[in-house]
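Worksheet for the structure shown next.
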Amino acid sequence: MSVDDSRDSKAGAASAGPPRAGECEGLAEQAPALADGRVSSTALVLRSLDRIEATQGSVNAFRRVRAEAAMAEAEEADRRLAAGERLPLLGVPVAVKDDTDVAGEPTAFGCAGEFPPKQRDAEVVRRLRAAGAVIVGKTNACELGQWPFTEGPAFGETRNPWNLGHTPGGSSGGSAAAVAAGLVPAALGTDGAGSVRIPAAWSHLVGIKPQRGRISTWPDAEAFQGITGIGPLARTVEDAALLLDAASGNHDGDLHRPPAVAAREAAGRDPGRLRIALSWKPAFTGTPKPLHPDVRTAVTALARTLARLGHFVEEAEPDYGLVGLAFVPRATAGVGEWAARVPDRSLLDRRTRGAVRLGRLLGGPVLRRARAVEKRQQGRIGALFGSYDVLLTPTTATPPPRIGTLAKLSGWRTDQAMIAACPYAWPWNVLGWPGMSVPAGFSADGLPLGAQLLGPAHSEPHLISLAAQLQDDMRWHERRPAVHPAR
């Protein structure tokens with residue numbers, strides 16, 4: 001069902017009654033409240049659908065809303081709960097991104113045109129359903145996930161709930177906006193160059209890019225030549241960890257199958273005293289990347305908080321080398337692979353068509369070389385973790401730009417502006433290692449800012465434990481934007 005379709009099923013759930021104001025806003029609150037009978041799934045899902053409808057004209061977070069299907073699934077969840085069944089997310093409403101297959105819905109990944117409905121759920125959606133979650137809809141993403149804004153002719157402009165004149169980031173901007181505005185307690189995004197972490201930073205959220213393969217990308221054995229992974233966006237570390245646990249796991253066809261971690265358990269554990277390297281220098285790109293003073297101030301303050309909490313923090317820089325030479329062939333090849341699925345490629349953005357051409361040029365031997373040097377890059381950059389446990393950087397170099405700032409630029413100017421605003425996240429996609437963004441405060445203009453916690457392979461537990469400790473001290477989850485009704 002599209003966002004413009006009617007919601008006749010709404011009346012059937014009215015008797016359930018709404019949750020009490022201020023209650024059951026997070027995954028970690030909703031799941032036990034459902035299990036204890038303090039709230040019903042129909043009430044939570046109805047509230048989510050009502051909020052989506054009320055903000056679609058202003059925030060515009062959703063590409064597809066599954067109103068009838070979600071209410072039917074909520075009613076079934078209530079029956080299962082009444083019968084004594086218990087699952088981690090039974091009856092909880094969540095959202096997924098427009099690049100993720102949901103049976104019965106098209107997967108357009110931000111593109112214009114008519115896409116056929118998918119016959120099967122993606123593996124990650126299958127796992128969410130197995131945990132009991134209700135998928136209320138699919139969130140907006142920029143075309144093929146290429147840019148740190150969520151705008152396009154296929155769906156319009158997704159706006160930041162903290163300030164509607166600014167972007168929530170991208171490419172998982174719809175998921176971030178949906179969580180920040182309180183439309184769903186948590187959502188999944190995908191991250192190929194920071195596309196979970198950037199909107200997390202610009203929307204005052206926690207965003208996790210897990211280890212490559214931690215969450216299956218099936219029906220793709222790997223996504224975008226291995227640089228893209230799926231990760232959660234939430235207000236709290238515990239909520240993000242709970243969604244990560246529910247979504248994690250593999251399909252038999254996955255190329256990458258890391259050992260399991262217990263994310264929610266890590267969120268409740270003291271991280272111990274860690275050695276933290278604070279880095280300001282992004283990887284080399286040959287383009288200017290000035291750091292906004294408000295970002296430096298916010299990340300410096302967060303580093304001082306870590307030191308006050310007992311961690312050893314000092315400035316140190318990883319040796320990135322020329323990691324960008326490995327990123328571009330993989331990213332553009334991924335764009336080309338996805339563009340081949342688009343029914344009407346004449347509708348693609350001119351910048352997308354340019355990326356497809358570059359991907360063809362850099363395919364074959366260049367792409368194979370880009371993939372072959374990954375181990376060497378991991379060794380060089382990972383040498384930092386002989387002396388430190390965690391790398392701390394800004395998530396972005398700037399506060400969130402205004403709507404339209406990047407959307408109408410030429411391809412080269414878009415790339416320059418994108419690199420200048422977001423130079424810190426993408427190397428970890430080349431490495432395939434975990435990283436997360438946490439709220440770091442606000443700019444002088446009241447716009448959200450974020451800091452990255454980065455680690456070596458399989459280090460999600462360290463990062464999550466550290467983030468939870470920061471949250472306990474900084475209390476970022478207690479600050480929320482105003483609700484924006486439809487304009």
Residue [X] excluded, over 12 heavy atoms near [atom1] under 6.0 Å:
X	atom1	value
R257	CZ	yes
E114	CD	no
R275	CZ	yes
H166	NE2	yes

Would you say [X] and [Y] make side-chain contact, with heavy atoms under 4.5 Å?
X	Y	value
I403	E151	yes
W147	T352	yes
L466	L306	yes
S279	P318	yes
V366	L361	no
S203	V179	no
E143	R351	no
L274	F312	no

[X] bridged to [Y] by N-O distance under 4.0 Å:
X	Y	answer
R63	D98	yes
R371	E222	yes
R341	D99	no
K97	E105	no
E374	R330	yes

Would a distance-only check, ignoring hydrogens and angles, find a side-chain to backbone donor-acceptor pair under 3.5 Å from [X] to [Y]?
X	Y	result
T217	G213	no
E123	P219	no
S410	R413	yes
T300	R296	yes
N163	L447	no
T55	S58	no
R235	L205	no
D344	G113	no
R66	G137	no
K375	V373	no

Under a 3.5 Å cutoff, is there a donor and acceptor pairing between the side chains of [X] and [Y]?
X	Y	answer
S443	D445	no
Q469	H311	yes
Q225	E337	yes
N429	R197	yes

- Message: For T158 and N140: C-alpha separation, side-chain torsions, deciding distance, then whether side chain to side chain donor-acceptor pair (under 3.5 Å) applies.
- Response: CA-CA 7 Å; T158 297; N140 281 325; 3.3 Å; yes

- Item | Stepwise side chain to side chain contact (heavy atoms under 4.5 Å, CB included) test for V136 and F62 | CA-CA 10 Å; V136 297; F62 279 81; 4.2 Å; yes

Search all heavy atoms of [X] against all heavy atoms of [Y] and return the closest pair with its distance.
X	Y	value
V196	P232	CG1-O, 3.8 Å
K138	P106	NZ-O, 2.8 Å
A240	I208	CB-CD1, 3.9 Å
A397	A420	CB-O, 3.4 Å
T395	A451	OG1-C, 3.0 Å
L453	V438	CD1-CG1, 4.3 Å

Calculate, to the nearest 0.5 Å, the distance between atoms [atom1] and [atom2] belonging to [X] and [Y] respectively.
X	Y	atom1	atom2	value
Q452	L302	CD	CG	12.0 Å
T107	R64	OG1	CZ	10.0 Å
T285	Q416	OG1	CD	9.5 Å
I215	N250	CD1	CG	10.0 Å
S465	L470	OG	CG	11.5 Å
C111	R345	SG	CZ	11.0 Å

- Item | W202/T167 under side chain to side chain donor-acceptor pair (under 3.5 Å): CA gap, chis, key distance, verdict | CA-CA 8 Å; W202 284 348; T167 181; over 6 Å; no

- Query: Are F442 and R479 close enough, and set up right, to give a side chain to side chain contact (heavy atoms under 4.5 Å, CB included), and what steps lead you there?
  - Reply: CA-CA 11 Å; F442 293 83; R479 186 168 177 179; 3.3 Å; yes

- Check against side chain to side chain donor-acceptor pair (under 3.5 Å), Y388 and E314: CA-CA 10 Å; Y388 302 96; E314 68 177 2; 2.2 Å; yes

- Intermediate values then yes/no, side chain to side chain contact (heavy atoms under 4.5 Å, CB included), V299 and W280: CA-CA 10 Å; V299 176; W280 302 108; 3.8 Å; yes

- Test side chain to side chain donor-acceptor pair (under 3.5 Å) applied to W433 and Q211, step by step: CA-CA 5 Å; W433 290 346; Q211 175 74 25; 4.9 Å; no

- Determine, stepwise, if the pair F284 / Y320 fulfils side chain to side chain contact (heavy atoms under 4.5 Å, CB included). CA-CA 7 Å; F284 175 79; Y320 286 114; over 6 Å; no

- Item | Ring centroid separation W162 to H204 under 6.0 Å |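 Yes, ring centres under 6.0 Å apart.
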
- Message: Parallel, tilted or perpendicular, judged at 30° and 60°: which one describes the rings of H251 and W218?
- Response: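 H251 vs W218 ring planes: parallel.
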
- Where do E25 and R51 land on the salt bridge (charged side-chain N to carboxylate O under 4.0 Å, His left out) test, with the steps shown first? CA-CA 12 Å; E25 290 291 342; R51 289 176 175 182; 3.1 Å; yes

